[in-house]
Amino acid sequence: MAQLAHSYLQPTILQFGGKNHAIVTNDADVFLNNDQLCMAKDLWFNGDGNISAFRIKGGRCNFQQRYVRTEKFLREREAGKSLIGKYRNKFTDAVEFKIRTTANTTVLYFNGRLLACKEDAPPYSLDPKTLETKCLETFNDQLPCLTFTAHPKYDDVTQELVCFGYEAKGDGTPDVCYFAIDHNERLVETVWLVSPIVAMIHDFAITENWVLFPIIPQTCDLERMREGGEHWQWNPDVPFYLGVLPRRGASGTDAKWFRAPNAFPGHTVNAYEDKEGNIVLELPLSDKNVFYWWPDAQGNAPNPKEIRSDLVRFTFDPRSDNLDLPLPEVLIKEDCEFPRINDLFSGKKHQHVFMDVMDPSLGTNFDEILPKMGGGFPPYNCIAHLDCQSLHLKKYFPGRTHLVQEPVFIARKGADIPEDDGWVMALVNNYSSMSSELHIIDTRDFTRPQAIIDLPIRLRAGLHGNWVDTKS
């Protein structure tokens with residue numbers, strides 16, 4: 001177990017998810033989530049949420065791990081067998097569930113508890129110290145819809161948790177519900193709108209005055225589900241839709257659905273408004289079906305080796321009656337995903353992005369890695385730091401037999417600290433030792449780790465994370 005290079009750094013990374021997805025705190029806890037307990041040949045997105053906590057303090061690291069006690073987890077444990085069927089298809093279950101979620105995609109801290117989120121149901125509330133599951137979280141029975149985003153956005157200025165649900169009235173419904181929860185747990189700004197297609201809206205973005213909903217062209221058909229088919233099916237014939245809604249005082253009819261050629265939008269970097277009132281949205285974008293395990297109606301799916309996402313920037317006027325999005329600016333032509341920024345700049349103009357990148361030229365030993373990978377997301381072999389103004393790109397490469405999970409940025413404390421001054425933390429899969437490592441990188445020296453913490457067990461490949469200050 002490595003000691004931290006500087007004793008003043010007492011970070012906590014909290015990671016969690018559909019394999020591992022994460023949140024990190026300021027005083028010594030990393031929480032991770034694994035989706036174990038999948039059925040044979042089942043999709044790895046269907047696994048149970050599992051949270052691991054790393055408590056880092058005084059050069060030592062303590063480890064804790066617990067499953068999220070969802071209805072599914074408890075009933076399957078009692079039955080001693082799997083009861084759930086295909087991913088998000090209740091018609092294939094062995095029993096009927098009241099709340100079917102696995103709570104395995106993201107965990108975040110809000111008003112004294114952790115929220116274990118998956119976009120098909122309300123989140124589960126957890127104790128941040130013991131990791132015990134407390135209850136299904138409905139925010140004092142105020143939750144207006146049946147679903148809840150895996151990626152809520154916290155506005156540091158208004159102290160609101162900005163949320164939405166899609167398929168918000170049940171499977172196969174086109175309804176989207178946007179809402180926010182203030183620091184007093186009051187529900188504000190509830191707006192119902194109707195999507196042009198019933199499709200996946202995994203992530204979204206906010207600005208000071210707007211909410212944006214990028215639609216992934218993975219579409220849902222209830223009749224297909226009733227016949228035992230998949231919840232999602234790629235549709236190459238529909239546009240990439242981007243919903244835009246005023247953030248305050250709106251009704252559903254105020255929503256505009258901008259469109260661009262068929263594409264797969266990745267996790268959003270951020271969005272903000274420029275001096276002319278245009279919206280600037282940055283995100284990875286692919287011209288292929290990134291979720292290739294859900295092919296189109298004819299069974300067509302891209303070769304995973306040919307899938308890549310470039311980081312792009314859309315700039316457009318949300319007040320325009322022309323709903324065709326202008327062509328995006330390509331910021332970098334590097335295969336990238338899981339972008340993160342300094343969270344204090346969420347909804348405001350940012351300059352720096354940290355993300356996963358796949359750069360084959362770095363010398364990764366794919367002959368050794370690929371036979372050992374098992375299921376999981378397309379691999380990334382380095383963490384990149386992009387200056388969005390100069391487009392200067394730095395890369396942290398952990399090794400030839402290593403693949404990286406999502407980075408989390410922790411801002412350095414103090415007055416007048418630059419936006420990108422702090423640390424990046426990420427879980428790293430070491431396929432030579434078949435173990436997991438927690439890497440800590442000081443952004444002032446991005447090419448080498450400040451510390452590496454060797455874990456006594458192997459954790460699954462992960463997805464998402466958020467930083468939490470334990471003083472909050």
- Item | Gap between atom CG of Asn365 and atom CG of Asn381 - 0.5 Å precision | 12.0 Å
- Is there a side-chain contact between Ile197 and Tyr241, using heavy atoms and a 4.5 Å cut-off? yes
- Item | Distance, nearest 0.5 Å, that separates SG of Cys163 from OH of Tyr178 | 9.5 Å
- Output the distance between atom CD (Glu227) and atom OG1 (Thr92), rounded to the nearest 0.5 Å. 13.5 Å
- Step by step, work out the side chain to side chain contact (heavy atoms under 4.5 Å, CB included) result for Trp234 and Asn300. CA-CA 9 Å; Trp234 179 255; Asn300 298 315; over 6 Å; no
- Are side-chain heavy atoms of Met373 and Tyr431 found at a separation under 4.5 Å? yes
- Item | Contact summary for Ile99 and Ala121, nearest pair of heavy atoms | CG2-CB, 4.1 Å
- Message: Assess whether a salt bridge exists between Asp155 and Lys153, defined as any Lys/Arg side-chain N lying under 4.0 Å from an Asp/Glu carboxylate O.
- Response: no
- Tell me, do Thr268 and Leu212 make a side-chain contact under 4.5 Å, heavy atoms counted? no
- Determine whether Cys177 and Thr190 make a side-chain contact, defined as any pair of heavy atoms from C-beta on separated by less than 4.5 Å. yes
- Hey, which of Phe148, Phe213, Trp192 is the one that makes ring pair (Phe, Tyr, Trp, His ring centres under 6.0 Å) with Phe164? Phe213
- Message: Using only atom types and a distance under 3.5 Å, with no angle test, would you say the side chain of Thr101 pairs donor to acceptor with the backbone of Lys118?
- Response: no
- Among Asp48, Asp120, Asp93, which residue meets the salt bridge (charged side-chain N to carboxylate O under 4.0 Å, His left out) test with Lys72? Asp48
- Query: Given side chains that start at C-beta, do those of Pro284 and Pro339 come closer than 4.5 Å, heavy atoms only?
  - Reply: yes
- Query: Using the ring of each side chain (for Trp, its six-membered ring), is Phe354 parallel, tilted or perpendicular to Phe446, with breaks at 30° and 60°?
  - Reply: tilted
- So, His267 versus Phe338, ring centres under 6.0 angstrom or not? yes
- Does any N or O in the side chain of Glu230 come within less than 3.5 Å of the main-chain N or O of Trp232, such that one atom is a donor and the other an acceptor? no
- When the ring centroid of Phe45 is compared with that of Phe291, is the distance short of 6.0 Å? yes
- Note on the structure: Smallest heavy-atom separation, Pro295 atom then Gln233 atom, equals O-CG, 3.4 Å
- Item | Closest approach of Asn270 to Gly347 (non-hydrogen atoms, all atoms of both residues) | OD1-N, 2.9 Å
- Item | Heavy-atom donor-acceptor pair, Ser436 side chain to Leu459 backbone, under 3.5 Å | yes
- Item | Plane angle bin for Phe139 and Phe110 - parallel if under 30°, tilted between 30 and 60°, otherwise perpendicular | perpendicular
- Kindly indicate, with the supporting measurements, whether the criterion side chain to side chain contact (heavy atoms under 4.5 Å, CB included) is fulfilled by Leu108 and Tyr154. CA-CA 10 Å; Leu108 65 128; Tyr154 184 74; over 6 Å; no
- Query: So, are Glu160 and Arg247 salt-bridged, with charged N and O less than 4.0 Å apart?
  - Reply: yes
- Non-hydrogen atoms of Pro122 and Leu136 that approach each other most closely: O-CD1, 3.8 Å
- SG-CG distance between Cys61 and Leu438, expressed to the nearest 0.5 angstrom: 7.0 Å
- Message: Quick one, Asp367 with Arg400, criterion salt bridge (charged side-chain N to carboxylate O under 4.0 Å, His left out). Give me CA distance, side-chain angles, the key distance, then yes/no.
- Response: CA-CA 11 Å; Asp367 289 339; Arg400 297 184 68 246; over 6 Å; no
- Item | Passing option when Gln218 is tested against Asn235, Asn289, Asp296 for side-chain hydrogen bond (donor to acceptor under 3.5 Å, both in side chains) | Asn289
- Are side-chain heavy atoms of Phe73 and Thr133 found at a separation under 4.5 Å? no
- Task: Using the side chain to side chain contact (heavy atoms under 4.5 Å, CB included) rule, take Glu334 and Leu311 through it: C-alpha gap first, then chi angles, then the decisive distance, then the call.
- Result: CA-CA 7 Å; Glu334 301 254 3; Leu311 190 66; over 6 Å; no
- Between the side chain of Asn184 and the main-chain N/O of Arg186, is any donor-acceptor distance below 3.5 Å? no
- Item | Asn140 side chain to Gln142 backbone, donor-acceptor under 3.5 Å | no
- Message: Surrounding CZ of Arg448 (heavy atoms of other residues, nucleotides or ligands, distance under 6.0 Å), is the total greater than 12?
- Response: no
- Is the backbone of Glu368 close enough, under 3.5 Å, to the side chain of Lys372 for a donor and an acceptor to pair up by distance? no
- Looking at Cys220 and Met225, what are the two nearest heavy atoms and their distance? SG-SD, 3.7 Å
- Task: Please confirm whether the backbone N or O of Glu419 pairs with a side-chain atom of Asn342, one donor and one acceptor, at under 3.5 Å?
- Result: yes
- Are the side chains of Pro407 and Asp356 in touch, meaning some heavy atoms are under 4.5 Å apart? yes
- With a 4.5 Å limit on heavy-atom distance, are the side chains of Ile341 and Val353 in contact? yes
- Could you walk me through whether Trp423 and Arg412 pass side chain to side chain contact (heavy atoms under 4.5 Å, CB included), step by step? CA-CA 7 Å; Trp423 298 270; Arg412 202 180 302 271; 3.1 Å; yes
- Taking atom NZ of Lys90 as the centre, does the number of heavy atoms from other residues, nucleotides or ligands within less than 6.0 Å exceed 12? no
- With distance as the sole criterion, is a donor-acceptor pair present between the side chains of Asp420 and Thr443 under 3.5 Å? no
- Message: Could you check whether any side-chain N or O of Asn430 sits under 3.5 Å from a backbone N or O of Ser435, counting only pairs where one atom can act as donor and the other as acceptor?
- Response: no
- Distance in Å, Thr149 OG1 paired with His202 NE2, rounded so as to fall on 0.5 Å steps: 7.5 Å
- Lys/Arg N to Asp/Glu carboxylate O, Glu223 vs Arg226, below 4.0 Å: yes
- Message: To the closest 0.5 Å, what do you measure between CG (Leu386) and SG (Cys336)?
- Response: 9.0 Å
- Glu185 and Asn111: side-chain donor and acceptor closer than 3.5 Å? yes
- Any donor-acceptor pair under 3.5 Å linking the side chain of Glu76 with the backbone of Ile84? yes
- If every non-hydrogen atom of Ile307 is compared with every non-hydrogen atom of Ser286, which pair is closest and at what distance? CG2-OG, 4.2 Å
- Message: Donor-acceptor check, side chain of Thr147 to backbone of Tyr166, threshold 3.5 angstrom: yes or no?
- Response: yes
